[in-house]
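Input: a single structure, listed below in structure tokens.
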Amino acid sequence: MLTVNRYKCGYCGACVGVCPAAALELVETWIEVNDDCTKCGRCTKICPLGALELVKEAQT
Amino acid sequence: MKCDLVVVGAGPAGSMTAKAAAEAGLDVVMLEKRQEIGDPVRCAEGVSKAALKKLVELDPVWISAEVKGARLRAPDGTEMVMSENRAGAEVGYVLERKVFDRALAQDAAEAGAKVMVKTRALGLLWDGGVPSGISAQFVGESLKIEAPLIIGADGVESKVGRWAGLDTALKPKDIEVCAQFLVQDEKIDEEYCEFYLGNEIAPGGYVWSFPKGENLANVGIGILGSKANSGTPIRLLREFMKNNFPEGKVLEMMVGGVPVSGPIETTTADGVILVGDAARQSDPITGGGIINAMKAGVMAGEMAADLVPKGEVDKESLQIYEKMWRETIGKQISRNFAVKEFFVDLTDDDLNRLIHSLDGIDVAELDLRGLLKVLIRQNPKHLLKLRHLIV
Ligand SMILES: Cc1cc2nc3c(=O)[nH]c(=O)nc-3n(C[C@H](O)[C@H](O)[C@H](O)COP(=O)(O)OP(=O)(O)OC[C@H]3O[C@@H](n4cnc5c(N)ncnc54)[C@H](O)[C@@H]3O)c2cc1C
Ligand code: SF4
Ligand code: SF4
């Protein structure tokens, strides 16, 4: 799952611009992730502040 | 709500579009998702004096500083100075974009455009397979605006093109990812915009220091997305500060991304035009996009005023815009893209050698293109690949 650290994010929209699935949206000061995310990781690499992370979903 | 033209985004591209179209008589609505136009800033704020003068009447309230030129520093510390007074120079003014962007929006409003802030475009409305307007959220309430033509001026995070089926997603190698501090320090050079090159300092990009007034500068870093990793820009910027402005105080910070993809395949679809960063029209070498965004905005706005009343808004009719921007600003964007593709892979030794090759040559009066020409003359073998581009 893609997680956004809202305390780190500088709401710049760079991640939105690179997402191949158009899964991200910048709403004023926060980033929303929708179900189209394919967990490709592209956005996590380009985030200038390192606010995005792909984390393994908890096993239930 | 109904109008002739919806402009999405109130940055320099959107405001110039809205102004040009409204002046020519169209009923224009410009949407901006932020509650304050221009804020937060995502820019180092450097522009060419000559180019800006041709587009807008200068107002000292949005000019922070005027510089004498640019200083380029090689990885080994060798410096090279270029003066500003050449037409086409890359630097000249450092703006206050919070004020500048709002002033451009005000110009659009004065020309007759309706401006709506805290209004986010959510998608296109469709009618018989062609876009017929925009669905939006206005301060949390849903809103539909019908219009035959939509101009996407929605910046690096642009969605308008994607809604219309254009794939504008940027590959990591086609974006510079940036971080910037507004720095207070006595060491700041108030007269020159400075550029620091080097693979350790800024892989595939550069560090800049653009003066903003007494002891104040935008000090920032851009790194090629394909050479970055999570958080690289902020980490390297802090490192640069430690090495160069250890006493510097940070009064503001910001992050951002600039497209450096070169011209994309298409910037038009039925009923849709893209301008500015949304159309990836920023310069691939410098990352400067204000001037191109403004120029493209004027072209798109004027064209819209001509085509909308005639009902000619299908993709084919909009090719006039496509052709016009590619034949003007597009030429330099293409050329600089090719130059960038070459430069990003140079080693520090290569970069040092290039700058040393200018020893004893007066480059003070050159612009970027002139400088490249001299570099090619001095390093014919090394820069063979670039020769056909710069003649
Ligand atoms: C760190 C950094 C440094 C830079 N330095 C320089 C420089 O020194 N000189 C220079 O010339 N250029 C510079 N640039 C580039 C420059 O900032 C851009 O090229 C310029 O802002 C592009 O203008 P624009 O109008 O196309 O887009 P923007 O200025 O990004 O405006 C787009 C607007 O659209 C709005 N928007 C987006 N989506 C929606 C939606 N769905 N609904 C409503 N509104 C929406 C956004 O909120 C934004 O206000 C820099 C960029 C960065 C990131
Ligand atoms: S790239 Fe990073 S800092 Fe910028 S909006 Fe996305 S998560 Fe936030
Ligand atoms: S992980 Fe990939 S698909 Fe998911 S939001 Fe990031 S860039 Fe988009």
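Throughout, protein chains are lettered first and strands after them, A, B, ... in sequence-line order, and every chain is numbered starting at 1. All heavy atoms count here, side chains included; hydrogens, waters and symmetry mates do not.
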Could you tell me the separation between the [atom1] atom of [X] and the [atom2] atom of [Y], rounded to the nearest 0.5 Å?
X: B:Leu170; Y: A:Cys19; atom1: CG; atom2: SG; answer: 11.5 Å
X: A:Thr44; Y: B:Asn229; atom1: OG1; atom2: CG; answer: 7.5 Å
X: B:Ile175; Y: A:Cys15; atom1: CD1; atom2: SG; answer: 9.0 Å
X: A:Lys8; Y: B:Ser230; atom1: NZ; atom2: OG; answer: 6.5 Å

Which atoms of A:Glu25 are under 4.5 Å from chain B, going by heavy atoms: the side chain, the backbone, both sets, or neither? both
Is a side-chain N or O of B:Arg34 found less than 3.5 angstrom from the main chain of A:Glu28, in a donor-acceptor match? no
Where the side chain of B:Lys33 meets the backbone of A:Leu26, is there a donor-acceptor pair that is under 3.5 Å apart? yes
Pick from [options]: which one has the most heavy-atom pairs with chain B under 4.5 Å?
options: A:Cys47, A:Ala21, A:Ala51; value: A:Cys47
options: A:Pro20, A:Ala22, A:Gly41, A:Gly10; value: A:Ala22
options: A:Pro48, A:Gly13, A:Gly17; value: A:Pro48

Does any part of the side chain of B:Lys171, heavy atoms only, come nearer than 4.5 Å to the side chain of A:Val18, both counted from C-beta? no
Chain A contact via [X] - which portion, at a heavy-atom distance below 4.5 Å:
X: B:Lys159; value: side chain
X: B:Pro259; value: neither
X: B:Gln137; value: neither
X: B:Arg280; value: side chain

What pair of heavy atoms forms the shortest contact from [X] to [Y], and how long is it?
X: B:Val156; Y: A:Cys12; answer: CG1-O, 4.1 Å
X: A:Ile46; Y: B:Val177; answer: O-CG1, 3.3 Å
X: A:Val16; Y: B:Arg162; answer: O-NH2, 4.0 Å

For chain A, which candidate among B:Ala278, B:Ala169, B:Ser158, B:Ser226 shows the most heavy-atom pairs at distances under 4.5 Å? B:Ala169
Between B:Pro172, B:Cys178, B:Ala228, who has the most heavy-atom pairs with chain A when the cutoff is under 4.5 Å? B:Pro172
Verify the neighbour count for atom CD of B:Glu341: are there more than 12 heavy atoms of other residues, nucleotides or ligands below 6.0 Å? yes
